[in-house]
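To start, the structure under review is shown below, and the notes come after it.
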Amino acid sequence: MGQIGFRQLAAVEGAISALVARLTDVVLEVRAKALWAPGRIGRADPGLVEAHLPCMLACANDPVPEVRMNVIWVSENIATVCPEWFSTTSPVFLRLLDDPDTRYVRPEAPEIFRVIGKRRPDLVAAALPALTAKLDDVCRVTRIHVQGALNAIQKAQRKE
């Protein structure tokens with residue numbers, strides 16, 4: 001649905017609520033894909049998924065790392081076109097920066113700050129100390145993604 005919706009919104013428009021209803025499915029893959037798809041759809045037309053954003057962000061508490069990682073991905077896709085929607089969500093993503101999972105979640109968490117900060121550095125300014133602290137993270141990929149996020153935010157700040 002995400003791939004179809006990215007290119008043909010009319011084909012999936014009526015099914016978004018049913019898709020989001022799968023965020024509580026017992027099957028991991030269903031929950032993960034139910035998060036991923038609205039991100040692609042939301043990147044094409046954010047208005048179609050706006051009402052569901054709180055439900056998607058609530059999945060940041062899912063016990064499965066792959067699902068928590070998809071919270072970041074869906075948010076990155078939507079924030080590409082509507083970064084202002086994430087003006088109050090920093091606590092969710094700051095918590096994911098400290099996620100115990102170093103395979104999926106923690107390495108991906110800095111990317112949402114990069115995506116938002118590249119477009120609206122003012123929205124992530126309060127997160128800069130936490131990001132900077134992660135430059136010493138035990139996870140190499142997290143350190144690399146944090147540096148990329150900081151670089152993007154600083155570059156956007158210079159343009160302001």
Side-chain angles (χ1 to χ4, degrees), residues 2-3 5-7 19-20 23 28-29 31-160:
Q3 287 298 82
F6 187 67
R7 291 183 169 70
L19 179 66
V20 173
L23 295 176
L28 152 69
E29 291 84 5
R31 290 196 314 275
K33 296 298 183 191
L35 270 169
W36 182 86
R40 297 291 291 164
I41 295 165
R43 190 173 186 150
D45 184 350
L48 292 177
V49 299
E50 181 178 13
H52 303 289
L53 191 58
C55 294
M56 292 184 284
L57 289 172
C59 292
N61 298 315
D62 195 281
V64 179
E66 292 93 327
V67 174
R68 295 193 306 275
M69 177 185 63
N70 275 297
V71 170
I72 301 164
W73 283 355
V74 70
S75 300
E76 288 174 28
N77 270 292
I78 296 168
T80 297
V81 289
C82 290
E84 64 279 357
W85 288 4
F86 297 88
S87 64
T88 61
T89 61
S90 279
V92 172
F93 301 111
L94 287 171
R95 189 170 36 83
L96 294 175
L97 271 177
D98 289 321
D99 196 274
D101 176 73
T102 57
R103 181 173 181 196
Y104 297 105
V105 183
R106 198 181 319 164
E108 190 63 28
E111 290 297 292
I112 186 63
F113 295 100
R114 180 189 58 76
V115 171
I116 295 169
K118 183 177 179 179
R119 290 152 182 82
R120 290 283 308 273
D122 58 305
L123 297 180
V124 296
L128 291 176
L131 282 167
T132 302
K134 285 303 194 177
L135 287 169
D136 293 327
D137 197 87
V138 297
C139 177
R140 180 180 158 275
V141 177
T142 300
R143 292 191 309 266
I144 292 167
H145 285 179
V146 164
Q147 188 62 64
L150 290 170
N151 291 346
I153 294 164
Q154 290 166 352
K155 183 176 179 181
Q157 286 173 328
R158 286 191 298 269
K159 288 182 179 180
E160 287 187 324

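Values below: every heavy atom of this structure, side chains too, minus hydrogens, waters and symmetry copies.
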Taking every non-hydrogen atom, the tightest pair across [X] and [Y]:
X: Val49; Y: Pro38; value: CG1-O, 3.6 Å
X: Ala60; Y: Val92; value: CB-CG1, 3.7 Å
X: Pro46; Y: Trp85; value: O-CH2, 3.1 Å
X: Leu123; Y: Ser90; value: O-OG, 4.1 Å
X: Ala127; Y: Leu94; value: CB-CD2, 3.9 Å
X: Pro54; Y: Ala51; value: CD-O, 3.6 Å

Test item: [X] and [Y] side chains (from C-beta on) under 4.5 Å apart, heavy atoms:
X: Glu84; Y: Arg120; value: yes
X: Thr89; Y: Ser75; value: no
X: Glu66; Y: Leu28; value: yes
X: Asn70; Y: Cys59; value: no
X: Val20; Y: His52; value: yes
X: Arg119; Y: Val115; value: yes
X: Val146; Y: Asp137; value: no
X: Leu135; Y: Arg143; value: no

Worksheet entry | Under-4.0 Å salt bridge between Asp101 and Arg68 |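 Looking at Arg68 together with Asp101, the answer is no, because their closest N to O distance does not fall below 4.0 Å.
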Discussion item. Do the side chains of Asp98 and Arg106 get close enough for a salt bridge, i.e. N-O under 4.0 angstrom?
Written reply: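 Salt bridge absent between Asp98 and Arg106.
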Worksheet item: Going from OG1 on Thr142 to CD on Glu111, what distance comes out if it is rounded to the nearest 0.5 angstrom?
Response: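 Answer for the OG1-CD pair, Thr142 versus Glu111, is 10.0 Å.
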Worksheet item: Could you go step by step and tell me if Glu76 and Glu108 meet the side-chain contact (heavy atoms from CB on, under 4.5 Å) rule?
Response: CA-CA 10 Å; Glu76 288 174 28; Glu108 190 63 28; 2.7 Å; yes
Discussion item. Over 60° means perpendicular and under 30° means parallel, so tell me whether Phe86 and Phe93 are parallel, tilted or perpendicular.
Written reply: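 If you compare the ring of Phe86 with that of Phe93, the planes turn out tilted.
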Sequence neighbours excluded and cut-off under 3.5 Å, please list the side-chain donor-acceptor pairs for residues 149-156, or say none.
residue: Asn151; atom: OD1; partner: Gln147; partner atom: NE2; Å: 2.9
residue: Asn151; atom: ND2; partner: Gln147; partner atom: O; Å: 3.4

Item to complete: Show the numbers, then the answer: is there a side-chain contact (heavy atoms from CB on, under 4.5 Å) between Leu97 and Phe113?
Response: CA-CA 10 Å; Leu97 271 177; Phe113 295 100; 4.0 Å; yes
Practice prompt. Verify side-chain contact (heavy atoms from CB on, under 4.5 Å) between Ile78 and Met56, making sure each step is shown before the conclusion.
Written response: CA-CA 11 Å; Ile78 296 168; Met56 292 184 284; 4.2 Å; yes
Worksheet item: Which of these passes side chain to side chain contact (heavy atoms under 4.5 Å, CB included) with Leu35: Leu19, Val67, Asp62, Ile72?
Response: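 Among the candidates, only Val67 passes.
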Discussion item. Taking Trp73's backbone N and O only, do any of them form a donor-acceptor pair with Asn77's side chain (distance below 3.5 Å, no angle check)?
Written reply: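 Yes: the side chain of Asn77 pairs with the backbone of Trp73.
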